[in-house]
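Reading through the structure tokens given below for one structure.
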Number of protein chains: 2
Amino acid sequence: MASQARPLTKKEIREENEKLILEAAEKVFAEAGFGGATVQLIADMAGLPKANLHYYFPTKEALYRQVVQNIFHDWLKAADIFDEAPGPIEGLGAYIDAKLEISRRHPAGSKVWASEVMHRAPVIQDYLETTLVEWTDGRMAVIQRWIDAGLMDPIDPRHLLYMLWATTQHYADFGHQIETLNNGRPLSDRQWRDVKESVKTIILKGIGARPAQ
Amino acid sequence: MASQARPLTKKEIREENEKLILEAAEKVFAEAGFGGATVQLIADMAGLPKANLHYYFPTKEALYRQVVQNIFHDWLKAADIFDEAPGPIEGLGAYIDAKLEISRRHPAGSKVWASEVMHRAPVIQDYLETTLVEWTDGRMAVIQRWIDAGLMDPIDPRHLLYMLWATTQHYADFGHQIETLNNGRPLSDRQWRDVKESVKTIILKGIGARPAQ
DNA sequence: AATTTTCTTGACCGGTTGGTCAGGTTGTGG
DNA sequence: CCACAACCTGACCAACCGGTCAAGAAAATT
């Protein structure tokens, strides 16, 4: 029965425990908010004593900050598709798919982000003012190029971006409401496919997207 | 200087204080979440001693419940426009305008609702299962009738409703992010007009809305 | 004017929370 | 094998929080 347990290296221990803590923290922060979350609950969910958690993350706020930063970086990564696309149909279509997939697979992260922004971004305001502003400007430029090339109607790129964020993240942030309106059941594979289809159809038609070439 | 202060009736005192408390509570709950909000802070913001607040609302949860219920009723009221409209252009257009106006004038309420739903609706789950389900079914029927009458494309009414909620409430819930991306300034009258225009344009074109008759 | 009901509030309390710490255990590098 | 550094944790604490209460002030009722 006893597995041949090679002793873990310090590095492995550290990586493993930090991962356990961060995963547990994301869930607890998402379900209870920063104020409602307790370090004890995060520790229990990670399977560690509270004091051990404080060994890796000195304060509740430091842990929270790390959780939010990880989410933010995941999101930025998911948007590279944007730049390589020949036009809005491919670019926006793939972006909508990617963001809806994140909402499906990673809803807790989306909720933590939403909560942070709703509370006036006390810990990531600097990121909003630097990284997010740059990222948004870059993407707006891409959309403007598509407009100039006659590939879509002259929509204000900013409002289009907000609509994309709103619509895709809604399925994570308001997942509980959507589930309740779906007879208490989570959306099926088929329903998620329909969501992607509906969102892409409405938005791409709504902005008058035309195939490149 | 001294105003001729007629002594307030008990009824006036009660109404005035409950209003002060509810307004303060909505702001504090929106900014800090249920868990992060403290009764003391709400009392301070309302200009009353904490013990006095507990005289009107026995527990923090009872106060919170009242705040959420008020928001919910405001929202339902704002959607009567839907039924009287001859087609999607008038009905959805007016609904988008109304919901964006609420996001602008009443962002705290929207945030409290979002927070409540994100935390799995611990205090208004029964409302979701009854009132919200009925309301949604009714509105979906209206949209389906428009589709059957050839006034718009055959879009799944459910996903259309979610998109309307997501897009309009986004401007309240993520108002801080939007403000940051707007050089730290709140949206101007002109910008709010552009928002309404963009959202209506994209969605109405996106669903292929045609004028009734 | 007397009595009752409603409103007000400083002081207080038990429970919880984030965080500390001393002393122990375990892997690591020489 | 030894000395050191990294990791672990039960016990503890000060601060804070939601809620209570008793005693008084103000309005309503008679």
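Residue numbers begin at 1 in each chain, while the letters A, B, ... track the order of the sequences. Remember, predicted model here, so these are calculated numbers, not experimental data. Just so you know, these numbers use all the heavy atoms, side chains as well, and skip hydrogens, waters and symmetry mates.
Using a 4.0 Å cut-off on heavy atoms, the residues of residues 57-69 of chain A that approach DNA chain C are A:T59, A:K60, listed by number. DNA chain D is contacted by no residue of residues 115-124 of chain B, taking any non-hydrogen atom closer than 4.0 Å. Near DNA chain C, meaning a heavy atom under 4.0 Å from it, residues 33-46 of chain A has A:A37, A:T38, A:V39 in order of number.
With B:T131 as the partner, the side-chain contact (heavy atoms from CB on, under 4.5 Å) test is satisfied by one option alone out of B:T136, B:I124, B:L76, B:D126: B:L76.
Taking side-chain N and O atoms only, B:Y55 has no distance below 4.0 Å to OP1 or OP2 of D:dT20. Taking 4.0 angstrom as the limit, A:R14 places a side-chain polar atom (N or O) nearer than this to OP1 or OP2 of D:dC7.
Taking atom NZ on B:K50 and atom P on D:dG19, their separation rounds to 9 Å, with Å as the unit. Per the geometry, NZ belonging to A:K11 stands 13 Å off P belonging to D:dC7, to the nearest Å. Between the P atom of D:dG19 and the OH atom of B:Y56 lies a distance of 18 Å, rounded to the nearest Å. With rounding to whole Å, B:H54 atom NE2 is found 7 Å from D:dT20 atom P. For the pair B:N52 CG and D:dC21 P, the computed distance is 17 Å after rounding to whole Å. Rounded to whole Å, the distance from CD1 on A:I13 to C1' on D:dC8 is 10 Å.
Comparing the end axes of the helix from C:dA1-D:dT30 to C:dG30-D:dC1, each fitted to five base pairs by superposing C1' atoms of four pairs onto the next four, gives an inter-axis angle of 10° (nearest 10 degrees).
Summarising the geometry, atom CD1 belonging to A:I155 is positioned 10.5 Å from atom CD1 belonging to A:I143; distances are rounded to the nearest 0.5 Å. Taking OG1 from A:T180 and CZ from A:F174, the interatomic distance works out to 12.5 Å, rounded to the nearest 0.5 Å. Taking CG from B:L92 and CE from B:M152, the interatomic distance works out to 6.5 Å, rounded to the nearest 0.5 Å.
Under 4.0 Å is where a charged nitrogen must lie from a carboxylate oxygen, and between A:E31 and A:K27 no such pair does. Between A:R105 and A:E101, at least one side-chain nitrogen of the basic residue sits less than 4.0 Å from a carboxylate oxygen of the acidic one, meeting the salt-bridge criterion. A salt bridge links B:R14 to B:E18: one of the charged nitrogens lies within less than 4.0 Å of a carboxylate oxygen. For A:D83 and A:R145, the salt-bridge test fails: no basic side-chain N is under 4.0 Å from an acidic carboxylate O.
Counting non-hydrogen atoms of neighbouring residues, nucleotides and ligands closer than 6.0 angstrom, the CD atom of B:Q69 exceeds 12 such neighbours. No more than 12 heavy atoms of other residues, nucleotides or ligands sit less than 6.0 Å from atom CD of B:E197.
Taking the six-membered ring for Trp and the full ring otherwise, B:W165 and B:Y162 have centroids separated by under 6.0 Å.
Between A:Y171 and A:W192, the angle of the ring planes lies from 30° to 60°, which puts this pair in the tilted group.
Heavy-atom nearest nucleotides on DNA chain C were determined for B:P49 and for B:K10, and the one closer to the 5' end corresponds to B:K10.
Within the 4.5 Å cutoff, the side chain of B:Q177 has heavy atoms near those of the A:W113 side chain. Residues B:I178 and B:H170 meet the side-chain proximity criterion, which asks for heavy atoms closer than 4.5 Å. Counting heavy atoms from C-beta on, the side chains of B:E61 and B:R65 come closer than 4.5 Å.
Considering only residues two or more places apart in sequence or on other chains, B:D44 meets the side chain to side chain donor-acceptor pair (under 3.5 Å) condition with B:Q40.
Taking 4.0 Å as the cutoff to heavy atoms of chain A, we find the contact window on DNA chain C bounded by C:dT17 to C:dT28.
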